[in-house]
2 protein chains.
Amino acid sequence: MANRLDTGALLGHLPLFRNLDARQLALMARACQEVRIAKHGFAFQRGDPANGLYVVAVGTIKLAIPSPSGQEKVLEFFTAGQAFGEAVMFLDKPYMVQAQALEDTLLLWIDKQDIYAAIDHDPSFARRMLAGLSLRLHALVQDIEAVNLQNATQRVAGYLLRQPREDGQIHLSVNKNVVASKLGLTPETLSRLLGQLSGKGYIAVEGRDVQLLDAAALEALLYGR
Amino acid sequence: MANRLDTGALLGHLPLFRNLDARQLALMARACQEVRIAKHGFAFQRGDPANGLYVVAVGTIKLAIPSPSGQEKVLEFFTAGQAFGEAVMFLDKPYMVQAQALEDTLLLWIDKQDIYAAIDHDPSFARRMLAGLSLRLHALVQDIEAVNLQNATQRVAGYLLRQPREDGQIHLSVNKNVVASKLGLTPETLSRLLGQLSGKGYIAVEGRDVQLLDAAALEALLYGR
DNA sequence: CGAAAGTTTGAGTTGCTTCAACCGCGGTGG
DNA sequence: CCACCGCGGTTGAAGCAACTCAAACTTTCG
């Protein structure tokens, strides 16, 4: 029991489950299962049936659309405390995306039925669920906007500006290959563009650390011209 | 009262509101407002605050992301009975898309508060709402897949195959300019590709009517090579 | 320490766009 | 009634942004 995870406490801290009452929370904590995924392993793949949702306890998950030709389009990352895989659960369709661990990861899996029970029992849980899906939708629309209406440079600039930073310092949470895929670019193109922005003095890149030297200039790229 | 719309009956027929009880439905029917939008008019534009959702009573609405340069990316169309604009309602963000009428259109508008009330009152309503959002999400992911992992020809083939048809006969619900935008193409490119597919004998195009002559060949384009 | 993965740089290619001209058709006003 | 306009659509020629292919260099990790 030493290495045992306190699932109740963990769930209770998630925004999604925040004001679920104690009984309901305990029920859910008991119902959920721990799933360990090794680095590069999959929580689920395209075509798998969706019978529940996942919550990241430890680690990082990459959600991506695979393609027959081996390339993939990265949609989103999830780290400790975030839920994923909820959307398809409500339809009766198989996953059209895959969830891959970027490092050794511990997930909690909650059955569809238990989620439904929580929805029926607590309307505020339903609202949180709705808000969660809406947020996901919002992110996807942003992605679509980026790919369809912005050129490569603007996508990179936009991405950098959206990253969390402390005094202009950004640390990329994933490697540049993955960032490139998220932006709908090849690694080569991303590398060249970062080099270009560095050359102009807008940013300084060192490995996964990026310093924003001239955020205003980046915004100008995004909007003006 | 002759021209008066029976909102209660209309709402009651929507999948979203199907098994809302009579009292709740009546409440909602009384709460909702009729909104008339002339062709080319907007139900809302990017940046507008979202305080409720819309249901199409009569007409067609085009949801699109506008861009400063005047072009736009079409996301989806909505016709009689479909709801839209629900997603942003749950976040406290303004719309990032615009809803434009493709013809004279009559909408019903329902306030956020009334929706919340229905969610709290009837868990099955919440589930329907969740399913609705999930469906929207699914569609967006398909869109992203198309733009990122398929070439222009595949996108066109995929689109045609997804359209409702009777013995291979498709009728485009919107003009080709709009279809092109939905596919992330220029009108010129779409025209060329349709011509090309016609040339190969896979389809026959006449105005907005498209005959699928060889659906298998189109699927082959999508998957194999 | 060596193999594999990640990153950068260079050179050449291409799929789609852009620009431009043209056609046909429906509506509209003189 | 017909000339005119404007929009939707097609076609051609030229351009370019991003990709592909290839090779070298760097970092990570077993």
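Below, read A as the first sequence line, B as the second, and so on, with proteins coming before strands; counting in each chain starts at 1. Just the heavy atoms: all of them, side chains too, but no hydrogens, waters or symmetry mates, feed the values below.
Remark: C1' of dT11(D) and CG of Leu193(B) are 13 Å apart, rounded to the nearest angstrom. Taking atom CG of Leu172(A) as the reference point, atom C1' of dT7(C) lies 13 Å away to the nearest angstrom. Atom CD of Glu206(A) and atom P of dT26(D) are 14 Å apart (whole Å). Protein atom NZ of Lys176(B) is 18 Å distant from nucleotide atom P of dC23(C), rounded to whole Å. Whole-Å rounding puts the Leu194(A) CG to dG6(C) P distance at 17 Å. Between the CG atom of Leu183(A) and the P atom of dC19(D) there is a distance of 11 Å, given to the nearest Å. Separating the CD atom of Gln154(B) from the P atom of dG15(C) is a distance of 12 Å, rounded to the nearest angstrom. Residue Glu103(A) contributes atom CD, which lies 11 Å from atom P of dC29(D) at whole-angstrom precision.
Heavy atoms only, all atoms of each residue included: Cys32(B) and Ile110(B) are closest at CB-CG1, 3.6 Å.
One cannot find a donor-acceptor pair under 3.5 Å joining the base of dG9(D) and the side-chain atoms of Arg192(B). Counting distance only, with no hydrogens placed and no angle test, the side-chain atoms of Glu188(A) and the base atoms of dC21(D) include a donor-acceptor pair under 3.5 Å. The base of dG9(D) does not come close enough to the side chain of Arg208(B) for any donor and acceptor atom to sit less than 3.5 Å apart.
Side-chain proximity of Lys39(A) to the nucleotides dT8(C), dT17(C), dC29(D) is greatest for dC29(D). The side chain of Leu185(B) has dT17(C) as its nearest neighbour among dT8(C), dT10(D), dT17(C). Comparing dT7(C), dC19(C), dT20(D) against the side chain of Thr186(A) picks out dT20(D) as the nearest.
Residue Thr189(A) places none of its side-chain N or O atoms closer than 4.0 Å to OP1 or OP2 of dA18(D). Applying the 4.0 Å criterion to OP1 and OP2 of dG15(C), one finds that Asn151(B) has every side-chain N and O outside that range. Of the side-chain N and O atoms in Asn177(B), none sit less than 4.0 angstrom from OP1 or OP2 of dC7(D). Distances shorter than 4.0 Å separate none of the side-chain N or O atoms of Asn175(A) from OP1 or OP2 on dA5(C).
The 5' end of DNA chain D is approached more closely, in terms of each residue's nearest nucleotide, by Val178(B) than by the other of Val178(B) and Gln71(A).
At a threshold of 4.0 angstrom between heavy atoms, the contacts of Leu190(B) with the nucleic acid are absent.
Between Lys176(A) and Glu188(A), none of the side-chain N atoms (NZ, or NE/NH1/NH2) sits under 4.0 Å from a carboxylate O, so this pair counts as no salt bridge.
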* To do: Take Asp143(A) and Lys73(A), measure what salt bridge (charged side-chain N to carboxylate O under 4.0 Å, His left out) needs, and give me the verdict at the end.
  => CA-CA 11 Å; Asp143(A) 246 51; Lys73(A) 159 68 184 181; 3.3 Å; yes

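The main-chain N or O of Phe44(A) is never found under 3.5 Å from a side-chain atom of Asp48(A) such that the two would form a donor-acceptor pair.
Within the 4.5 Å cutoff, side-chain heavy atoms of Glu76(A) are placed close to those of Arg136(A).
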